[in-house]
Visitor: 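My questions will all concern the structure given below.
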Protein chains: 2
Amino acid sequence: MTSASVQNYLKAIYQLQENSETVTTTALAQHLDISAASATNMIKKLARLKLVRHSPYHGVELTTAGEKMALEVLRHHRLIELFLAEALDVPWELVHAEAEKIEHVISEDLEDRIANFLGDPERDPHGDPIPTKAGTVERPEYQSLLDVGAGQSAVIQRVSDQNPEHLKHFSKLGLIPDATVDVLSREPFDGPLRVRVASGREHTLDETLARAIWVTPTVEKKAYRAKSKSHV
Amino acid sequence: MTSASVQNYLKAIYQLQENSETVTTTALAQHLDISAASATNMIKKLARLKLVRHSPYHGVELTTAGEKMALEVLRHHRLIELFLAEALDVPWELVHAEAEKIEHVISEDLEDRIANFLGDPERDPHGDPIPTKAGTVERPEYQSLLDVGAGQSAVIQRVSDQNPEHLKHFSKLGLIPDATVDVLSREPFDGPLRVRVASGREHTLDETLARAIWVTPTVEKKAYRAKSKSHV
DNA sequence: TAAAAAATTTAGCCGCGACTAAATTTAGTT
DNA sequence: AACTAAATTTAGTCGCGGCTAAATTTTTTA
Ligand SMILES: [Mn+2]
Ligand SMILES: [Mn+2]
Ligand SMILES: [Mn+2]
Ligand SMILES: [Mn+2]
């Protein structure tokens, strides 16, 4: 019923809302790689459809109906990602691009069958929560690996799926959801991060990479370096 | 690269060519449920792209390039049908509609993974041959169940996937590829057909249904009714 | 073989979702 | 507070793939 374009806009607005309260035309345009004028155009259409509230020159916000639609698309997307990974061994840096297209064309019946096949999963391969059929979704507050102090260890909860090259790199290093990492040291001024993974291997992550990994800290292993939060 | 519309037109032309040498604008329009004017429009575009030869007022024909593209789409379609049936138990009357959409959005890599998962299959769930990656396809000459004489038996090779209600009915009766049917009797003037399936159950099929089932005849089981081809 | 019917193409239109260039509004700076 | 820069919207255009109505060509029928 609603076009793939409308679905992509709603999904983008939802994802931008996760970071900042209100979503600007420019942010939306950049996220979707289109011109600002095109974004304005679609925003006006979405407002007509009562899927967003538009405060001209100030930003856009999903209505309840708009958020529900966004979550439906997001559910499709993440179920498909996991399904491709599980059923066909598609590597996790490729599932996003495939899901971006397939999410718009599957029936509700197929969605249900995929969810059932996967045992009603709660996370996609990157650790992102899968919205429920009812239209709810978890919003766990993770910490960026960047903000973990030296000497602390943490469990990876999710990894940004935006950059396939980064994903490929992360899986090579063992930086995947549920893996434990020890932060060894941190260069000043947001410099690179030295980490050790469960296998014992040590790796250096620059700021951009570390920012794409979200974790929950575990209890500190070693006491000889107690300074953590205030450090750096 | 090429749009879903172009792909659907090419596929439609290919399938119409299987029955009649040349494909008319009207036949194409009916097949795709669009106006004749729209069909003409797209035909001219396809001709510009060298995917068809158009003889105005007389019909259209795929070029080698057009046929290759049609077969690529058809390969996607049939692999997806079989994959949905095998991996997710989607009933065979539903796989066609899903595949009709998904066929346009999967990558070549995903196509390869699906083919590999299925063990490079040769037939889709309805018995239709799956084109190879190289762009070739079998064109077996089956006989309609309608043309099998009383007393003969036959092995079902394929069943038309055009009508979901018919498919549902066929699977209920056990009329699926590789099943053996005995034709018991045939009413005159293309009247209904009485058949027995392997389970021993007997069913009556009207002309439309019988025409949708394609078979290869087997050796005759019983000699007391030797008249076969000339009978009816 | 001429007239009628059917098939096909042409002409003109529309909604969608993109674009650029120009106008407008808002935010930042001195 | 005025000026400037940045963000946003408006205006106008385009290609795509549909549509209807009218013109044209082919086929059928009388
Ligand atoms: Mn998408
Ligand atoms: Mn993901
Ligand atoms: Mn299709
Ligand atoms: Mn089929």
Side-chain angles (χ1 to χ4, degrees), chain A residues 1-17 19-62 66 69-70 73 100-101 103-105, chain B residues 1-17 19-62 66 69-70 73 100-101 103-105:
Chain A
M1 201 84 287
T2 80
S3 69
S5 283
V6 166
Q7 293 179 0
N8 282 334
Y9 273 92
L10 293 174
K11 190 154 60 85
I13 296 169
Y14 180 90
Q15 287 172 328
L16 291 167
Q17 273 188 354
N19 300 325
S20 52
E21 268 315 301
T22 178
V23 174
T24 67
T25 302
T26 308
L28 187 53
Q30 277 172 1
H31 191 91
L32 292 172
D33 196 28
I34 54 170
S35 72
S38 298
T40 300
N41 217 43
M42 179 59 91
I43 286 171
K44 292 173 78 176
K45 177 186 178 160
L46 295 177
R48 264 201 315 278
L49 295 172
K50 308 274 194 195
L51 297 172
V52 302
R53 272 178 297 278
H54 184 209
S55 157
Y57 290 99
H58 290 288
V60 71
E61 200 183 2
L62 290 175
M69 272 197 194
V73 183
E100 200 60 52
K101 311 266 220 65
E103 65 187 0
H104 308 293
V105 300
Chain B
M1 201 83 289
T2 79
S3 69
S5 283
V6 165
Q7 293 181 359
N8 282 334
Y9 273 92
L10 292 175
K11 189 152 61 85
I13 296 170
Y14 180 89
Q15 287 172 327
L16 290 167
Q17 273 187 356
N19 300 323
S20 52
E21 267 316 299
T22 179
V23 174
T24 66
T25 300
T26 307
L28 187 53
Q30 277 172 0
H31 191 90
L32 292 171
D33 196 27
I34 54 170
S35 72
S38 297
T40 299
N41 217 43
M42 179 60 88
I43 285 171
K44 291 172 79 175
K45 177 186 179 160
L46 296 176
R48 263 200 315 278
L49 295 172
K50 308 274 193 194
L51 297 171
V52 303
R53 271 179 297 278
H54 184 209
S55 157
Y57 290 101
H58 286 86
V60 72
E61 200 183 3
L62 291 175
M69 274 199 193
V73 183
E100 201 60 53
K101 311 265 219 64
E103 65 187 0
H104 307 293
V105 300

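Just so it is clear, the structure is predicted and the values come from calculations on it, not from any experiment. Lettering of chains follows the sequences in order, A, B, ..., and the numbering in each one begins at 1.
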Visitor: Using a 4.0 Å heavy-atom cut-off, does A/Ala37 contact any base of the nucleic acid, only the sugar-phosphate backbone, or nothing at all?
Guide: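 Result for A/Ala37 = base.
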Visitor: Locate the shortest heavy-atom distance separating B/Val52 from B/Ile43; write the atom from each residue and the value.
Guide: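 Heavy-atom minimum between the residues: CG2-O, 3.8 Å.
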Visitor: Round to the nearest Å and state the distance from B/Gln7 atom CD to D/dG17 atom P.
Guide: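 Rounded to the whole Å, the gap is 11 Å.
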Visitor: What heavy-atom pair brings B/Leu46 and B/Tyr9 nearest, and what distance separates the two atoms?
Guide: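 Answer, listing the atom of B/Leu46 first, then B/Tyr9: CD1-CB, 4.0 Å.
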Visitor: D/dA7 P sits how many Å from A/Ile43 CD1, rounded?
Guide: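 Roughly 15 Å, once rounded to whole Å.
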Visitor: In whole Å, I'd like the distance from the NZ atom of A/Lys44 to the C1' atom of D/dT10.
Guide: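 Distance, rounded to whole Å: 7 Å.
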Visitor: Do you know which two heavy atoms are closest between A/Arg53 and A/Leu62, and how far apart they sit?
Guide: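 Of all heavy-atom pairs spanning A/Arg53 and A/Leu62, the closest is NH2-O, 3.4 Å.
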Visitor: Side chains of B/His104 and B/Asn8: does their closest heavy-atom pair fall under 4.5 Å?
Guide: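 In contact.
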Visitor: Just the rounded figure in Å: distance from C1' of D/dC19 to CG of B/Leu32.
Guide: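 To the nearest whole Å, that distance equals 15 Å.
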Visitor: Has B/Thr25 got a side-chain N or O lying under 4.0 Å from the OP1 or OP2 atom of C/dT9?
Guide: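 Affirmative; the distance criterion is met.
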Visitor: Taking N or O atoms only and anything under 3.5 Å, show me the protein contacts with nucleotides 13-18 of chain C, one pair per line.
Guide:
unit_1 : atom_1 : unit_2  : atom_2 : d
C/dG17 : OP1    : A/Ser3  : OG     : 2.5
C/dG17 : OP2    : A/Lys45 : NZ     : 2.4
C/dA18 : OP2    : A/Tyr9  : OH     : 3.1

Visitor: Report the C-alpha distance between B/Val60 and B/Thr25 in whole Å, list the side-chain angles of each, state the deciding distance to 0.1 Å, and finish with yes or no for side-chain contact (heavy atoms from CB on, under 4.5 Å).
Guide: CA-CA 8 Å; B/Val60 72; B/Thr25 300; over 6 Å; no
Visitor: Which residues, if any, of residues 49-57 of chain B bring a heavy atom under 4.0 Å of DNA chain D?
Guide: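 Heavy-atom cutoff 4.0 Å gives B/Tyr57.
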Visitor: Taking CG from B/Leu28 and P from D/dG17, how many angstroms apart are they, rounded to a whole number?
Guide: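 Rounding to the nearest Å, CG of B/Leu28 and P of D/dG17 are 14 Å apart.
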Visitor: So which heavy atom on B/Leu32 is nearest to which on B/Ala12, and how close?
Guide: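 Looking at all heavy atoms of both residues, the shortest contact is CD2-CB, 3.8 Å.
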Visitor: Any heavy-atom pair between the side chains of A/Leu51 and A/Ile13 that's under 4.5 Å?
Guide: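 No. Closest side-chain heavy atoms not under 4.5 Å.
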Visitor: Who are the side chain to side chain donor-acceptor pair (under 3.5 Å) partners of B/Gln17, not counting sequence neighbours?
Guide: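 For B/Gln17, no residue satisfies side chain to side chain donor-acceptor pair (under 3.5 Å) once neighbours in sequence are set aside.
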